[in-house]
Amino acid sequence: MPKAKGKGRRHKYSYNLNRKRLYRSARRRAAPRIACSHIRHAWDRSKSVAQNLADMGLSEDPNKALPIPRKLVVSGLQVESNGQQPGKKIVRKPYVLNEMEYEASLPEKKSNTLSRDLIDYVRYMIQNHGENYKEMARDEKNYYQDTPKQIKRKINVYKNFYPEEYKDFIASLKPEKMDVQ
């Protein structure tokens with residue numbers, strides 16, 4: 001069986017290409033990718049990573065930031081040492097830490113939502129069948145052929161995501177049922 005064209009050919013080394021210069025310039029241009037905008041704006045490209053983080057009051061090594069206390073055994077007695085070095089570091093850019101703490105203290109938004117199709121499906125099933133899950137499973141709108149347990153689970157998810165809306169919906173159904181009887 002013949003080989004694919006060009007695979008057996010040997011690659012030639014280019015002696016005229018200065019690889020050191022190419023590598024050095026690419027390394028110099030590459031800056032660390034910083035996700036936090038506060039750190040990105042306070043970053044000084046002329047300093048090292050350790051110096052930049054120290055200026056902001058951040059630590060590059062979490063083991064140095066929160067040292068694990070070591071137990072020293074001195075002539076049969078256990079003495080705890082915290083392992084911290086004497087001398088404080090000067091924080092030149094405290095606003096970075098303050099902004100990050102403020103952002104972290106903000107309450108988190110709940111982004112849990114259900115699709116409009118699922119909400120409409122659940123409301124239709126409850127409106128037409130009430131709590132009868134076996135009847136819901138046999139309904140013609142049950143396109144995905146959900147079992148009674150799956151339908152019950154979907155209804156419970158809807159109850160948990162939108163409790164006020166569910167209560168209002170159930171309250172609006174009760175007068176309709178009284179009129180029918």
Side-chain angles (χ1 to χ4, degrees), residues 4 26-69 82-84 89 91-181:
R27 224 179 71 198
R28 194 179 307 129
R29 272 183 271 130
R33 300 185 88 192
I34 302 168
C36 180
S37 64
H38 308 299
I39 296 175
R40 191 180 310 122
H41 293 302
W43 197 265
D44 186 5
R45 288 180 185 261
S46 63
K47 294 182 180 179
S48 69
V49 174
Q51 290 171 337
N52 270 310
L53 292 175
D55 285 349
M56 294 177 214
L58 302 172
S59 175
E60 67 172 327
D61 186 9
N63 294 324
K64 290 179 183 175
L66 298 170
I68 300 170
N82 58 3
Q84 288 185 346
K89 295 180 181 176
V91 179
R92 289 186 171 81
K93 300 175 183 176
Y95 60 90
V96 175
L97 262 180
N98 296 337
E99 289 171 354
M100 289 174 69
E101 285 175 355
Y102 172 73
E103 196 173 294
S105 69
L106 293 174
E108 190 174 328
K109 273 188 174 180
K110 283 191 175 181
S111 62
N112 297 342
T113 58
L114 296 177
S115 67
R116 191 73 235 166
D117 294 337
L118 181 63
I119 293 171
D120 293 341
Y121 172 76
V122 167
R123 294 184 99 189
Y124 169 81
M125 290 297 185
I126 294 172
Q127 192 171 10
N128 290 338
H129 305 291
E131 294 287 320
N132 191 347
Y133 300 110
K134 287 184 180 179
E135 199 175 301
M136 288 180 193
R138 281 188 244 113
D139 192 294
E140 62 183 18
K141 289 259 185 168
N142 185 6
Y143 299 126
Y144 299 110
Q145 297 181 353
D146 293 330
T147 63
K149 279 191 175 180
Q150 288 172 326
I151 295 171
K152 185 176 183 178
R153 204 173 303 127
K154 286 182 180 181
I155 291 172
N156 287 335
V157 166
Y158 175 70
K159 285 180 191 178
N160 293 336
F161 275 60
Y162 305 104
E164 295 87 16
E165 189 177 317
Y166 177 75
K167 287 177 187 173
D168 294 340
F169 177 64
I170 294 298
S172 70
L173 287 179
K174 288 188 180 182
E176 291 177 17
K177 287 187 177 181
M178 290 190 153
D179 293 339
V180 172
Q181 292 174 354

Participant: Which atom pair, heavy atoms only, marks the closest approach of Met136 to Gly130?
Facilitator: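 That closest heavy-atom pairing would be CE-O, 3.0 Å.
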
Participant: Would you say Tyr162's side chain and Ile119's backbone share a donor-acceptor pair under 3.5 angstrom?
Facilitator: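 Side chain of Tyr162 to backbone of Ile119, a donor-acceptor pair under 3.5 Å: no, none is there.
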
Participant: Roughly how far, to the nearest 0.5 Å, is CD of Glu99 from NZ of Lys93?
Facilitator: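 Lys93 atom NZ to Glu99 atom CD measures 12.0 Å (nearest 0.5 Å).
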
Participant: When you compare the side chains of Glu131 and Tyr133, does any donor N or O come within less than 3.5 Å of an acceptor on the partner?
Facilitator: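 Per modelled atom types, Glu131 and Tyr133 side chains form a pair under 3.5 Å.
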
Participant: Measure the shortest side-chain to side-chain distance between Asp55 and Val96 over non-hydrogen atoms and say whether it is less than 4.5 angstrom.
Facilitator: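 Counting from C-beta outward, Asp55 and Val96 never come under 4.5 Å.
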
Participant: Nearest 0.5 Å, what's the CE-CD1 distance between Met125 and Ile155?
Facilitator: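 If we round to the nearest 0.5 Å, Met125:CE and Ile155:CD1 are 8.0 Å apart.
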
Participant: Does Ile39 form a side-chain contact (heavy atoms from CB on, under 4.5 Å) with Leu58? I'd like the steps, not just the answer.
Facilitator: CA-CA 10 Å; Ile39 296 175; Leu58 302 172; 3.8 Å; yes

Participant: Only pairs at least two apart or in different chains count here, so list each salt bridge (Lys or Arg N to Asp or Glu O under 4.0 Å) that has a residue in residues 140-150.
Facilitator: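 Passing the test, one end in residues 140-150: Asp146-Lys154.
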
Participant: Taking the side chain as C-beta and beyond, is there a heavy-atom pair between Glu165 and Arg123 under 4.5 Å?
Facilitator: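 Counting from C-beta outward, Glu165 and Arg123 do come under 4.5 Å.
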
Participant: What's the shortest heavy-atom distance between Thr147 and Ala137, and which atoms?
Facilitator: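 Closest approach of Thr147 to Ala137: C-CB, 4.4 Å.
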
Participant: Is it true that Asp44 and Ser46 share a donor-acceptor pair across their side chains at a distance under 3.5 Å?
Facilitator: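 Side-chain D/A pair, Ser46 to Asp44: present.
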
Participant: Would you mind reporting whether Leu118 and Tyr158 have side-chain heavy atoms less than 4.5 Å apart?
Facilitator: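 Side chain of Tyr158 against side chain of Leu118, heavy atoms only: no contact under 4.5 Å found.
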
Participant: With rounding to the nearest 0.5 Å, note down the distance linking OH in Tyr124 to CG in Asn142.
Facilitator: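 Spacing of OH (Tyr124) from CG (Asn142) equals 10.0 Å.
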
Participant: Could you tell me whether the side chain of Tyr95 reaches within less than 4.5 Å of the side chain of His38, counting heavy atoms only?
Facilitator: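 No - every pair of side-chain heavy atoms lies 4.5 Å or more apart.
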
Participant: Between Ser37 and His41, what is the shortest heavy-atom contact and its length?
Facilitator: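 Ser37 and His41 have their closest heavy atoms at O-CD2, 2.9 Å.
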
Participant: Going by heavy atoms in the side chains, are Phe169 and Ser172 under 4.5 Å from each other?
Facilitator: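 A side-chain contact exists here, since the closest heavy-atom pair is under 4.5 Å.
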
Participant: If you round to the nearest 0.5 Å, how far is CG of Leu173 from CG of Asp168?
Facilitator: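 Separation between the atoms: 11.0 Å.
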
Participant: How close do Leu53 and Trp43 get, heavy atom to heavy atom, and via which atoms?
Facilitator: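 The answer is CD2-CZ3, 4.2 Å.
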
Participant: Could you check whether any side-chain N or O of Asn160 sits under 3.5 Å from a backbone N or O of Asn156, counting only pairs where one atom can act as donor and the other as acceptor?
Facilitator: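 Answer holds: yes.
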
Participant: Can you see which heavy atom on Lys134 is nearest to which on Pro148, and at what distance?
Facilitator: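 Heavy-atom minimum between the residues: CA-CG, 4.1 Å.
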
Participant: Would you say NZ of Lys167 has more than 12 non-hydrogen atoms from neighbouring residues, nucleotides or ligands within 6.0 angstrom?
Facilitator: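 Atom NZ in Lys167 is not packed in, count stays at 12 or less.
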
Participant: Can you establish whether the number of heavy atoms outside Lys159 located under 6.0 Å from its atom NZ is more than 12?
Facilitator: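 Enclosed: over 12 neighbouring heavy atoms sit under 6.0 Å from NZ of Lys159.
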
